[in-house]
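Dropping a structure here in structure tokens format, bear with me for questions.
Counting from 1, the numbers follow the sequence of the chain as shown.
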Amino acid sequence: MAQKPVDKQVAHRFAELVGLGATQHEAARATGIGTRTGERLMTKPEIRQLVEQTRRAGDGDPTIRALLEATDEAENPDWERRVEGAELALASVAGESGGRAGLLPGVVLRFPRPR
């Protein structure tokens with residue numbers, strides 16, 4: 001059975017989320033694709049390149065990097081500040097590429113909290 005092609009915007013958002021530190025499975029769920037589809041996307045050079053560009057964009061801004069790695073007084077992840085960092089990094093990547101900031105319509109990004 002032939003594989004259905006993934007919408008270009010969805011593939012790019014998947015790559016950006018992976019570049020921001022989401023696992024492939026988390027990014028796949030957030031963009032509404034299957035985990036195997038996400039794994040297949042990661043074999044494409046253009047997707048891997050976008051992942052690396054997104055990582056570099058986040059690494060270049062110390063404020064974004066600090067937010068993405070934020071912890072509370074007990075050294076537990078500070079999820080509210082980390083989400084803020086992810087939003088800033090996405091806005092930065094969208095601005096550099098001429099795109100719009102934010103997720104695709106209907107996509108909700110959720111960061112799991114540890115138990």
Restricting to non-hydrogen atoms, name the atom on A15 and the atom on L50 that form the minimum distance, rounded to 0.1 Å.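 Shortest heavy-atom contact: CB-CD2, 3.7 Å.
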Roughly how far, to the nearest 0.5 Å, is the CG atom of L41 from the NZ atom of K44?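 Rounded to the nearest 0.5 Å, the NZ-CG separation comes to 6.5 Å.
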With rounding to the nearest 0.5 angstrom, report the OG1 to CD distance, T54 to E16.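 Atom-to-atom, T54:OG1 and E16:CD are 5.0 Å apart.
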Taking NZ, NE, NH1 and NH2 as the nitrogens, is one of them in E84 or R81 under 4.0 Å from a carboxylate oxygen of the other?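 No, E84 and R81 are not salt-bridged.
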Keeping the roles fixed (side chain from R48, backbone from M42), state whether a donor-acceptor pair exists under 3.5 Å.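 Pair found, side chain donor or acceptor close to backbone of M42.
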How long is the gap from NE2 on H12 to CD on E46, to the nearest 0.5 Å?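 It is 7.0 Å, given to the nearest 0.5 Å.
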State the CD-CZ distance between E87 and R82, to the nearest 0.5 angstrom.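 Reported value, rounded in 0.5 Å steps: 14.5 Å.
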Side-chain donor or acceptor of E52 paired with backbone N/O of Q49 under 3.5 Å: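 No: the side chain of E52 does not pair with the backbone of Q49.
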Heavy-atom side-chain contact between T71 and N76 under 4.5 Å: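 No, side chains not in contact.
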Taking every non-hydrogen atom, the tightest pair across Q24 and G38: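 Of all heavy-atom pairs spanning Q24 and G38, the closest is OE1-O, 4.2 Å.
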Looking at every heavy atom in both L17 and A27, which two are closest together, and how far apart are they?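 Taking every non-hydrogen atom into account, CB-CB, 3.8 Å.
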In Å and rounded to the nearest 0.5 Å, what is the CZ to CD distance from F14 to E26?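 These two atoms lie 11.0 Å from each other.
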Inter-residue atom distance I33.CD1 - E39.CD, 0.5 Å rounding: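 If we round to the nearest 0.5 Å, I33:CD1 and E39:CD are 10.0 Å apart.
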Could you tell me if the side chain of V18 sits less than 4.5 Å from the side chain of V51, heavy atoms only?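 Yes; the side chains approach each other to less than 4.5 Å.
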